[in-house]
2 protein chains.
Amino acid sequence: MDRRELLKLGALAGAAAVTGVGANALLRPSPAAALAGLPGGSPLGNRRVKNVIFLAYDGTGYEDFATADFFARRVVGQPLRYHQFLSEGLTGTMIPSSLTSWVTDSSAASSAWSTGRKIVNGAVNQFPDGTELTPILELARATGRATGLVTTARATHATPAAWVAKVRAREMEEEIAIQYLASGTDVILGGGQAYFDPAIRSDGRDLFGEFAGAGYDVVKTPGELASSSGSKLLGVFAPSTRHVAYEIDRRFGGVDQPSLADMVRAALPRLDGAEGGFVLQVEAGRMDHANHEQDAGAMVWDWIAADEALGVLLEFVADRDDTLLIHAPDHDTGGGVTFGWGSRYSRTDPALMTFGNVRCSYERLLLDLMPRNPSPAQVRELVEANVGVPVGDFAAENLAALVSGTDMAGLRWGHQNAVLGSMKYQVAQLLSQSFENRPERPPVSFATSNHTAGFVPVVLAGAGIEAGNLGVIDNTELFGVMTAALGIEFENPAMTADEAQELVDEG
Amino acid sequence: MDRRELLKLGALAGAAAVTGVGANALLRPSPAAALAGLPGGSPLGNRRVKNVIFLAYDGTGYEDFATADFFARRVVGQPLRYHQFLSEGLTGTMIPSSLTSWVTDSSAASSAWSTGRKIVNGAVNQFPDGTELTPILELARATGRATGLVTTARATHATPAAWVAKVRAREMEEEIAIQYLASGTDVILGGGQAYFDPAIRSDGRDLFGEFAGAGYDVVKTPGELASSSGSKLLGVFAPSTRHVAYEIDRRFGGVDQPSLADMVRAALPRLDGAEGGFVLQVEAGRMDHANHEQDAGAMVWDWIAADEALGVLLEFVADRDDTLLIHAPDHDTGGGVTFGWGSRYSRTDPALMTFGNVRCSYERLLLDLMPRNPSPAQVRELVEANVGVPVGDFAAENLAALVSGTDMAGLRWGHQNAVLGSMKYQVAQLLSQSFENRPERPPVSFATSNHTAGFVPVVLAGAGIEAGNLGVIDNTELFGVMTAALGIEFENPAMTADEAQELVDEG
């Protein structure tokens, strides 16, 4: 189906989708809406689907795709399913901006998908005056559908949170966990046990116990996940405020946590059992973190893991036309690129091949090094064994000082992640300087440790959708696609960018 | 037309296209070919067109698109035509690799389009054993078509060169100019007078005179271009080895050279007059240079200029179905991104707006500063007036030392460009350090000064083509698209990556 047919069918797609996106477009004209008149129509026309699955890649884009594509075929030896998926879907380009910034954060981005409204970065389904927006999973439950959230980030992190919760600031993850419980969301899988743990929560509430009391199977290990037979499921697999481990550490570091594909395999049969259908968000959440930390080894392996999850979802939708699959990154992060290396870029491919020797993330390197109070020589040994590139004296000495100078156990738990994040970035800087002229250096460098404005690919598949051009769309337009497909008529309140900015400036 | 129809029609598209790409795909499987079985079919099926226009953006991609999109709408006040173009075309994603490197250079990239074969970076239509490939404009002339090359780079630079010439190394621009003359290419417009000038050429040949003797109007200024009425045209608008000026300098610095759109407007009626049709390559060549030099101001204005040229081409193809328009970057360069700036990225948009105050390229800044032997205070004044951001002492002092220490006039002409390039990069580094924590800094940073592996957008339009998904294709596949559309049956010789690498290693 091409764009013209899509536009034609859009007129039949129900008032909800059209007014939902149309009204928002008037506030600050969505580029796609302004330029091409896209009325937010559904690719399915007026046909409904039982289920919607939204696969979000957090913090990645076309450059990472190119790096991962080489890595998958030449190092791992298995082409990315994503490659063919892009070719066979209704494929377009998504503008990931938020209400007042050309560069979004994950909470505003996920809220845009979930409500059809751009909001200010940092909030979850709230305008700055406190006006709350109704997220897609709440709308889906009202139609009798089961709902689920699966992520490799913390279960209460911004991208999953924005499909259920409404809070002023994304950092309010204790409150988000409470709202999850109240929401009745059927399946919740991710990391970050802290926000459910009475020993850590500031209010002392035992959310694990409360979820169990509400009929959930509560699991914390892959073994418990595998043996659970409950229809409602809370799985929180990482200690403290940690996300689920990077795939590279799960694969090579013996971390006993489930893969994203494992979690998806656990979620699907539970949700698919619901008579009224389901809506599921799956987030490959940690490419974003790897890119913030400028850790290319962690990034590519999380792409491989995300692609495995994509494979599970493609199998699920392959032989049925009642399930719409939507795929998009929420934004790009880090501006990491595979760059041409050496004379006539002749070192690029050999260096990309040795890049396959990386065996752990910078995060795992730190967690391994910190308790040891290591000498520079010990640091060098561990880094060389895991990253596969010789380390210079300056880097080894500074890394030893870095990890020996920080008493993580002495930090307030809420600060551990921030300190660890800052340290990971310092590791990236030290190693990148140390590798700078090594022929075998990973030929990947980064432009920033923040998010970027880069437009990202978006694909619609399943539900009988044929290959086509979805065009350049705004992130908010996917709300209209979902609600039209689910037969939901709903429009969230609106606020202009100028109104929001004024409230922020006053605030 | 969607991908399935395309594949179906591909079977009718003639042996040339099918075997041309198919054979190459066997060497090192093209990802698209390997994954989706794309036989290189034409989107037009077995229908032929009279004309093909290929608009190449050199060294840019999705992140630049996002930066330029904001800049066009919010600063310039005119949305990019490219935005809508992506939505309405047969649009896909192109893999820009070369034969032995995941990161291509421009000569291998343009050769891939021109011959259907990947080659080693640095060569122009030659394998390392000297085997020559036949480029598309030679094939087009053999069908009686007129041919043209229009670029903002030097006329003899890699991207245009690879559609006509065959040389061992892209730097052989004196030889490329000779091959242009022998080729009979009807319209040649660009920069770089050195390669035609008897006072500079190492062989003393007067190529300007020889072109005139062969029936060309030879022009060197916009005025001469406007008043020329010749059907064959050589226009070389920039002195020495310089490219045509950056758009930002043309627009604000009073440089008397034509815009890319001006050159396209001069080329089209001359070529369109040919009875047998024509093939034209138009290159927006200088985004690549701006990105190598990490000069975001120059990059965005060259995007604006390229978009104007796209507009001229879209008007040309709008009311006719005999002209196929192909658009793609050859690769991305620099990994430049608009990054989230400030708390919650709240400074991003205001800083992007002040980014509109930039009034000259780093290149022009250097060319203006060098003859003056300026003091740090004078440097600061000039930079602040043209870049719109306060400059620190360290940067001002080092810039003054940089421009005062270099006697460009004393350099061999062939070295001027290399020295200038290196100096521009140093300007970028000094200014970017100086701006680092200024709230109004241009919120654009770069990952590298080299090319990147990033996949790039590709669009087919005109010739009755409807919106659709072209899929993920290899750069070589566009040769098959062009030859099938032009009714050309031809297959270039083939070489595997391993064979080529062995020859290079023996070197």
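All values below come from the heavy atoms of this structure, side chains included, with hydrogens, waters and symmetry mates left out. All chains are named by letter (A, B, ...) in the order of the sequence lines, taking the proteins before the strands, and each is independently numbered beginning at 1. Values in this document were obtained by computation on a predicted structure and should not be read as measured data.
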*Asks:* Nearest 0.5 Å, what's the CH2-NE2 distance between A/Trp341 and B/His451?
*Replies:* 16.0 Å
*Asks:* Which of the residues B/Gly61, B/Gly92, B/Gly89, B/Ser346 is involved in the greatest number of heavy-atom pairs with chain A at under 4.5 angstrom?
*Replies:* B/Gly89
*Asks:* Is it the side chain or the backbone of A/Asp332 that comes within 4.5 Å of chain B heavy atoms, both, or neither?
*Replies:* side chain
*Asks:* To the nearest 0.5 angstrom, please state how far the CG atom of A/Leu470 sits from the OG1 atom of B/Thr91.
*Replies:* 11.0 Å
*Asks:* Could you check if a side-chain atom of B/Glu88 sits within less than 4.5 angstrom of a side-chain atom of A/Val472, using non-hydrogen atoms only?
*Replies:* no
*Asks:* Roughly how far apart are A/Ser107 OG and B/Arg344 CZ, rounded to 0.5 Å?
*Replies:* 6.5 Å
*Asks:* If I measure from the heavy atoms of chain B, does A/Thr93 come under 4.5 Å with its side chain, its backbone, both, or neither?
*Replies:* side chain
*Asks:* Looking at every heavy atom in both A/Ser445 and B/Ala447, which two are closest together, and how far apart are they?
*Replies:* OG-O, 2.6 Å
*Asks:* Tell me which one of B/Tyr62, B/Phe65, B/Phe70 satisfies ring-ring contact (aromatic ring centres under 6.0 Å, His included) with A/Phe455.
*Replies:* B/Phe65
*Asks:* For the residue pair B/Ala66 and A/Ala453, what are the closest heavy atoms and their distance?
*Replies:* CB-O, 3.3 Å
*Asks:* Between A/Phe339 and chain B, with a heavy-atom cut-off of 4.5 Å, which part of the residue counts as in contact: side chain, backbone, both or neither?
*Replies:* both
*Asks:* Please classify the contact of A/Leu352 with chain B as side chain, backbone, both or neither, using a heavy-atom distance under 4.5 Å.
*Replies:* side chain
*Asks:* Of the listed residues (B/Thr338, B/Val120, B/Val337), which shares the most heavy-atom pairs with chain A below a 4.5 Å separation?
*Replies:* B/Thr338
*Asks:* Quick one: pull up NE2 in A/His331 and OH in B/Tyr345 and give me the separation to the nearest 0.5 Å.
*Replies:* 7.0 Å
*Asks:* Quick check for you: to the nearest 0.5 Å, what is the distance between A/Glu63 atom CD and B/Thr452 atom OG1?
*Replies:* 3.5 Å
